[in-house]
Amino acid sequence: MEDLYKTLPQHTCTWLQGIMTLYKYQGFWNVQNFSQKTILAQSYKAQPSDILVCSCPKTGTTWLKALTFAIVTRKKFDELASPLLTTLPHDCVPFLENHLEKIQKNHSDFPIIATHLPYSSLPESVITSGCKIVYIYRNIKDVLVSYYHFVRELVNLPLEDASFEAAFDEYCQGISSSGPYWDHILEFWKASQEMPERFLFLKYEDLKKEPTSNVKRLAEFLGYPFSTEEEKAGVVENIIQLCSFGNLSTLEVNKSGKYQADEHFALEHRLFFRKAKDGDWENYFTNEMKEKIDKLIDEKLHGTGLVLK
Ligand code: A3P
């Protein structure tokens, strides 16, 4: 791996005072050991019954993991007994790149796996197995603000020492964890055009605006549709409430404790729950920034019908 790292393009993030360096591996930026994690994850043997929850960081991964978990396990646990009440969603649904061993061990019992890997870096078996893939995306401006705070807190940098303007510039150059964000989306979108039956694209803002229809869509796509009796009994609403930001962010488990991303790195659970507010970007962006990023995303996603502005 040391030899590989030497060959990769590197970027030390100026807005983080040089605390973090990203490496470009297989077309996408990430921290150094993510390339090793990617290589290991590529050995995973996916099954047709697997459900892959895919996303770029800060687009609603935690929420989608919670919803998918609650939908798939609802016959086993009702909303009062759900493990989501006592376990971080990231520990309920493991990341392929972080917890490969655990996934392989529990494979026959539990079908949901999450990943931030770009489509082109997914294990070959994911492509050939025919398993289902759910992809969540979100307004780029809110993703950027969310990313700014998440990484800043991760490296313990106070607000006054982390220039938002510099973070914005790097993000617009595509340099961010799992970035360029638009390329991450585009790869999944292109694959979904070739195999529409295997993909469900969910937009964070739509999920917020119309949770009932989108959660029903998700359940149907996953092969766990709600029965008429369940709908009448309010199961859909109960799942929405269980997985809501208002509920999850106030649970003791999500306010304290640390998520062990790997044997070297842990991060506080609370960092996954910040504001969950649509349009928070307006508190950070100047008019020029807004115009620049809107133009950029228009150019990048032109012709896809995806709206990230
Ligand atoms: P903000 O930083 O804008 O608050 P990810 O899970 O991909 O890391 O994304 C994190 C973002 O999703 C954060 O956004 C976080 O607050 C928000 N989030 C976490 N749980 C959520 C939930 N249950 N419902 C809606 N948004 C949620």
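Numbers here simply count residues along the sequence, with the first being 1. Order of appearance sets the numbers: ligands from 1, and atoms from 1 within every ligand. Worth knowing before you read on, the calculation uses all heavy atoms, side chains too, and leaves out hydrogens, waters and symmetry mates.
Between Thr59 and ligand 1 there is a heavy-atom distance shorter than 4.0 Å. For Arg138, the closest heavy-atom approach to ligand 1 falls below 4.0 Å. Look at Ser55 and you'll find every heavy atom at least 4.0 Å from all atoms of ligand 1. Assignment of Lys58 to the shell around ligand 1 is supported, since a heavy atom sits closer than 4.0 Å. Remark: distances from the non-hydrogen atoms of Tyr204 to ligand 1 include one below 4.0 Å.
With salt bridges taken as basic N to acidic carboxylate O contacts below 4.0 Å, none links Arg274 and Glu153. Ion pairing of Lys295 with Glu299 is present here, as a side-chain N (NZ or NE/NH1/NH2) and a carboxylate O approach within less than 4.0 Å. A salt bridge does not link Asp142 with Lys58: every distance from a Lys NZ or Arg NE/NH1/NH2 to an Asp or Glu carboxylate oxygen is 4.0 Å or more. Under the 4.0 Å criterion applied to side-chain N and carboxylate O atoms, Asp3 and Lys6 are assigned as salt-bridge partners. Comment: Glu230 does not engage Lys216 in a salt bridge, judged by the lack of any side-chain N to carboxylate O separation of less than 4.0 angstrom.
Interface atoms of ligand 1 facing Thr61, defined by a heavy-atom separation under 4.0 Å, are 5 (P), 6 (O), 7 (O). When each atom of ligand 1 is checked for a heavy atom of Lys275 under 4.0 Å away, the hits are 4 (O), 16 (O). Applying the 4.0 Å criterion to heavy atoms of Phe273 picks out, from ligand 1, the atoms 16 (O), 19 (C), 20 (N). Atoms of ligand 1 found under 4.0 Å from any heavy atom of Phe272 (numbered from 1 in listed order, with element): 15 (C), 16 (O), 19 (C).
Considering both main-chain and side-chain atoms, Arg274 comes within under 3.5 Å of ligand 1 through a nitrogen or oxygen pair. On a distance-only criterion, Cys56 and ligand 1 share no N/O pair closer than 3.5 Å. Checked by distance only, ligand 1 and Gly60 come closer than 3.5 Å through their nitrogen or oxygen atoms.
Contact record, Cys172 with Leu296: O-CD2, 3.9 Å, taken as the closest heavy-atom pair.
Under 4.0 Å from ligand 1, the heavy atoms of Cys243 that appear belong solely to its backbone. With a 4.0 Å cut-off on non-hydrogen atoms, Ala66 does not touch ligand 1 at all. At a 4.0 Å heavy-atom cut-off, ligand 1 does not touch His116 at all.
Between Tyr259 and Phe272, the ring-plane angle classifies as perpendicular under the 30° and 60° cut-offs.
For Lys24, the side-chain contact (heavy atoms from CB on, under 4.5 Å) partners two or more places apart in sequence, or in a different chain, are Pro9, Trp29. In this view, Pro94 and His99, Ile103, Phe110 satisfy the side-chain contact (heavy atoms from CB on, under 4.5 Å) rule, not counting sequence neighbours.
In this structure, CE in Met1 is found 8.5 Å from CG in Asn33, a value given to the nearest 0.5 Å.
Looking only at heavy atoms of the protein, atom 6 (O) of ligand 1 is closest to Thr62 OG1, 2.5 Å. Scanning the protein for heavy atoms near atom 13 (C) of ligand 1, the closest one is Ser146 OG, 3.7 Å.
When Phe150, Tyr147, Tyr148, Phe245 are ranked by how near their heavy atoms come to atom 27 (C) of ligand 1, first place goes to Phe245.
For the side chain to side chain contact (heavy atoms under 4.5 Å, CB included) with Leu222, the qualifying choice from Val53, Ile112, Thr68 is Thr68, the only one to do so.
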